Amino acid sequence: ALSRVRGAATAMNGRRRGVLRRLAAFAIGAACTAFTACAVSTRLADPAIAPETVLIPAGRFIAGSDRAEREHAYRLDAQGYGHSTTRAQRWYEDEPERHSEALPAFAIVKNLVTNAEYARFVEATDRPAPNVDAATWQTYGLVHSYARTRRHAWVDGRPPAQRADHPVVLVSHADAEAYAAWLSVQTGVRWRLPTQLQWEKAARGTDGRWFPWGKEWDPTRANTHDRGAFDTTPVGSYPAGASPFGMLDPAGNVFEWTADPVPGTDGARAMVKGGGSWDEKGCGVCRPAAGHSRPAALKHILIGFRLVRAAD
């Protein structure tokens, strides 16, 4: 009888610890989704786990695109895919017109958040690991089969084998924000998703170039379907494709969640940036000026994220 009591007590303690972790994770997410109003506790701060960042200096940069840039993008897509679907569907017509923007200084994570980094968060908070079930995937209406998601899905709370240094995918906008909140508590530094403008400046520099390295598309500088593996690759595998500030994978590999909701959707849709993904050809969508919206609850094999913090 005593052993049963002890066993029950042990199980209850385990459940209590799990509940406390989930409550802590909820509290972190509620407190820290706003970058400027995040109450960060430094009691458990561990700066050693803070990701490497690159500094984006304060000042103006050229944002958006003009007719010449968008036409170039459509021509690239037609060459890559052999059809003009992106032109017919007016993919790039919602891009802001080319203009000058001023931003304060900030620091952005050099590499995309990896499976290994996200695994620490999952273990610490009991947040569901990146995955999606077949029924949910079907509701997304995407061109990729459910079978293709399995190579990216986590099993028993662990990343897929040989993919620890790949960008984490199959994460929703809320997952990315929760990770930022958790990292804020762990490091004592406020982290959040970048705005579209922050991401764009970090990816293209200040001079309005069409791609992170210049005006012409170069498929050797990014992981895309033009010459890539048709899959994610370890982050930072294309150093020649770095942005002028040194941010890696500004084109290819995966799209990235941003902090910006789509106006009028009450947060149900969020803006995605990133110079395309491993799935793209062409690659008109691989320009830093490009962007599109997605349902915030979407868990896609083409979408990951990186974070920003205030400059030192």
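Keep in mind it's a predicted model, so treat the numbers as computed, not measured.
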Does [X] have any ring pair (Phe, Tyr, Trp, His ring centres under 6.0 Å) partners at least two apart in sequence or in another chain, and if so, which?
| X | result |
| --- | --- |
| Phe61 | none |
| His83 | Tyr81 |
| Trp257 | His173 |

Would you mind listing the cluster partners of [X]? Hydrophobic ones only (ILVMFWY), side-chain contacts under 4.5 Å, chaining allowed.
| X | value |
| --- | --- |
| Leu76 | Trp210, Phe211, Trp213, Trp217 |
| Val262 | Met271 |
| Leu55 | none |
| Ile62 | none |

**Prompt:** Would you call the rings of Phe121 and Trp182 parallel, tilted or perpendicular if under 30° counts as parallel and over 60° as perpendicular?
**Reply:**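 Tilted.
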
List the residues meeting side chain to side chain donor-acceptor pair (under 3.5 Å) with [X], not counting sequence neighbours, and say none if there are none.
| X | answer |
| --- | --- |
| Asp94 | none |
| Gln196 | Asp260 |
| Glu280 | Ser277 |

**Prompt:** On the ring face of Tyr92, is Arg287 found with NZ or CZ under 6.0 Å from the centre and within 45° of the axis?
**Reply:**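 Yes, a cation-pi geometry holds between Arg287 and Tyr92.
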
**Request:** Applying side chain to side chain contact (heavy atoms under 4.5 Å, CB included) between Asn111 and each of Val54, Val235, Thr53, Asp165, report the one that passes.
**Result:**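 That would be Val235.
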
**Message:** For residues 237-248, which residue pairs pass the side chain to side chain donor-acceptor pair (under 3.5 Å) check, not counting sequence neighbours?
**Reply:**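 Found none.
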
**Message:** Applying side chain to side chain contact (heavy atoms under 4.5 Å, CB included), can you list everything that pairs with Arg148, at least two apart in sequence or on another chain?
**Reply:**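 Partners of Arg148 under the side chain to side chain contact (heavy atoms under 4.5 Å, CB included) test: His144, Ser145, Arg151, Phe230, Trp278, Ile301.
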
